[in-house]
Amino acid sequence: MAEAMAERLDKILVSQGAATRREAQRLIRAGKVTVDGEACRDPARKLEPEGCAIALSGQPLRYRRHLYVMLNKPAGLLCVSRDPRAATVLDLLPPELRRQGLFPAGRLDKDTVGLVVITDDGDFAHRMLSPRKEIVKRYQAVISGPVGPEEIGIFAAGTSLEDGTRCRPAALRVLKEGERPLVEIAITEGRYHQVKRMFLSVGRRVLWLKRISIGGLVLDPRLKEGECREMGPGECEAVLEKA
Ligand code: URA
């Protein structure tokens, strides 16, 4: 649990995406911001935001030290915070889920769809992404040719990528057999194009790829591609489960 910390009132409004610094100062000086029911006209007033009730133009401010968002990424968007030319996953956030410092915790390729966590909590992202934590990421994929016991065995033993990199053991399951089978693969690393390169190492191409879970956090089936929602505290903990 983060320690309570006093912060300037104007900075609190900015951190919550409620206003820019300049707007926050103007609103506070204009008496539009109340603290525990009393107008506070001093932008520099220091408060512990979790210990008081702040309202802006009568609307209570729901203070969240950090934000955690689950997104069902569609194909065609870059999984980065910003790009000078192309749209990014942050462009999908509705106004109430926008604030400074947000970034996607971990990357999916432009053509990959599915679960992305967006946050402004660097420590959380680090714990989620650290290879030492061995958080399991599950994907579903459509593959260019049949796979069976041989490929399952190679992945279970830890396949070698084209540059000689050894992968950790990965669990491969065939969900739907055929010339273009649907499979599920669980990996505990996040190398560049990892799943695609793993399948290339056994002579197959990935035709479609979707991340369906990270640790114990499963993509909410109610989220259509391109939709997102705030995560609850239990879901943040679930991400870090070794499931
Ligand atoms: N592996 C890939 O090859 N691509 C992704 O987007 C994620 C995992």
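This one's a predicted model, so the numbers in the text were calculated from it and none came from an experiment. Residue numbers start at 1 and run along the sequence shown.
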How many angstroms lie between atom [atom1] of [X] and atom [atom2] of [Y], to the nearest 0.5 angstrom?
X      : Y      : atom1 : atom2 : answer
Leu182 : Leu175 : CG    : CG    : 4.5 Å
Leu108 : Lys210 : CG    : NZ    : 11.5 Å
Ile185 : Phe199 : CD1   : CZ    : 4.5 Å
Leu13  : Glu7   : CG    : CD    : 10.5 Å
Ile214 : Met70  : CD1   : CE    : 8.5 Å
Ile212 : Leu115 : CD1   : CG    : 9.5 Å

Residues in side chain to side chain donor-acceptor pair (under 3.5 Å) with [X], at least two apart?
X      : result
Arg166 : Ser160
Thr188 : Arg168
Asn72  : none
Ser130 : none

**Prompt:** More than 12 foreign heavy atoms under 6.0 Å from CZ of Arg98: is that the case here?
**Reply:** yes
**Request:** Assess whether atom CD of Glu96 is packed by more than 12 heavy atoms of other residues, nucleotides or ligands within 6.0 Å.
**Result:**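 More than 12 heavy atoms, drawn from other residues, nucleotides or ligands, come within 6.0 Å of this atom.
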What pairs with [X] under salt bridge (Lys or Arg N to Asp or Glu O under 4.0 Å), at least two apart in sequence or on another chain?
X      : result
Lys196 : Asp109, Asp111
Glu162 : Arg197
Arg211 : none

Joint cluster assignment, [X] & [Y], ILVMFWY side-chain distance < 4.5 Å:
X      : Y      : answer
Phe103 : Leu93  : no
Val33  : Leu47  : yes
Leu223 : Val239 : yes
Leu240 : Leu219 : yes

**Asked** Would Arg107 and Tyr192 satisfy side-chain contact (heavy atoms from CB on, under 4.5 Å), going step by step from the backbone distance to the final call?
**Response** CA-CA 9 Å; Arg107 292 194 176 181; Tyr192 180 66; over 6 Å; no
**Asked** Do any pairs count as a side chain to side chain donor-acceptor pair (under 3.5 Å) and have a residue in residues 226-240, sequence neighbours left out, and if so which ones?
**Response** Arg62-Glu230, Arg64-Glu230, Asp220-Arg229, Arg229-Glu235
**Message:** Under the side chain to side chain donor-acceptor pair (under 3.5 Å) definition, can you give me all pairs with a residue in residues 144-153, not counting sequence neighbours?
**Reply:**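 Matches after skipping sequence neighbours: Glu151-Arg204.
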**Message:** When you measure from the side chain of Arg21 to the backbone of Val14, do you find a donor-acceptor pair of N or O atoms at a distance under 3.5 Å?
**Reply:**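 Flag not set: sc Arg21 to bb Val14 has no pair under 3.5 Å.
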**Asked** Can you check whether Ile152's main-chain N or O pairs, donor with acceptor, with Arg173's side chain at less than 3.5 Å?
**Response**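 Flag not set: sc Arg173 to bb Ile152 has no pair under 3.5 Å.
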Would you indicate whether the side-chain heavy atoms of [Y] and [X] approach each other to under 4.5 Å?
X      : Y      : answer
Glu38  : Asp36  : no
Ile187 : Cys167 : no
Lys137 : Ser213 : no
Leu90  : Ser81  : yes
Leu209 : Val195 : yes
Pro131 : Glu189 : no
Leu172 : Met198 : no

Show the nearest heavy-atom pair for residues [X] and [Y], with the distance to one decimal.
X      : Y      : answer
Arg205 : Leu200 : CG-CD2, 3.9 Å
Cys40  : Leu9   : SG-CD2, 3.7 Å
Pro169 : Ala156 : CB-O, 3.1 Å
Lys73  : Val89  : CG-CG1, 4.0 Å
Cys228 : Leu92  : SG-O, 4.1 Å
Leu77  : Ala87  : CD2-CB, 3.3 Å

**Prompt:** Who pairs with Tyr63 by ring pair (Phe, Tyr, Trp, His ring centres under 6.0 Å), at least two apart in sequence or on another chain?
**Reply:**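 Applying ring pair (Phe, Tyr, Trp, His ring centres under 6.0 Å) to Tyr63 gives none.
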Please tabulate, for side-chain N and O atoms in residues 24-31, each donor-acceptor pair with protein atoms closer than 3.5 Å (sequence neighbours left out).
| unit_1 | atom_1 | unit_2 | atom_2 | d |
| --- | --- | --- | --- | --- |
| Gln25 | NE2 | Asp10 | OD2 | 2.8 |

**Request:** Test Ile143 against every option in Val206, Val202, Val174 by the side-chain contact (heavy atoms from CB on, under 4.5 Å) rule and name the one that passes.
**Result:**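 Of Val206, Val202, Val174, side-chain contact (heavy atoms from CB on, under 4.5 Å) with Ile143 is met by Val206 alone.
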Which pairs of donor and acceptor atoms, one on a side chain in residues 116-124, lie under 3.5 Å apart (sequence neighbours left out)?
| unit_1 | atom_1 | unit_2 | atom_2 | d |
| --- | --- | --- | --- | --- |
| Thr119 | OG1 | Leu67 | O | 2.8 |
| Thr119 | OG1 | Asp121 | N | 3.0 |
| Asp120 | OD1 | His66 | ND1 | 3.3 |
| Asp120 | OD1 | Leu67 | N | 2.8 |
| Asp120 | OD2 | Arg99 | NH1 | 2.8 |
| Asp121 | OD1 | Asp123 | N | 3.2 |
| Asp121 | OD1 | Phe124 | N | 3.1 |
| Asp121 | OD2 | Tyr68 | OH | 2.4 |

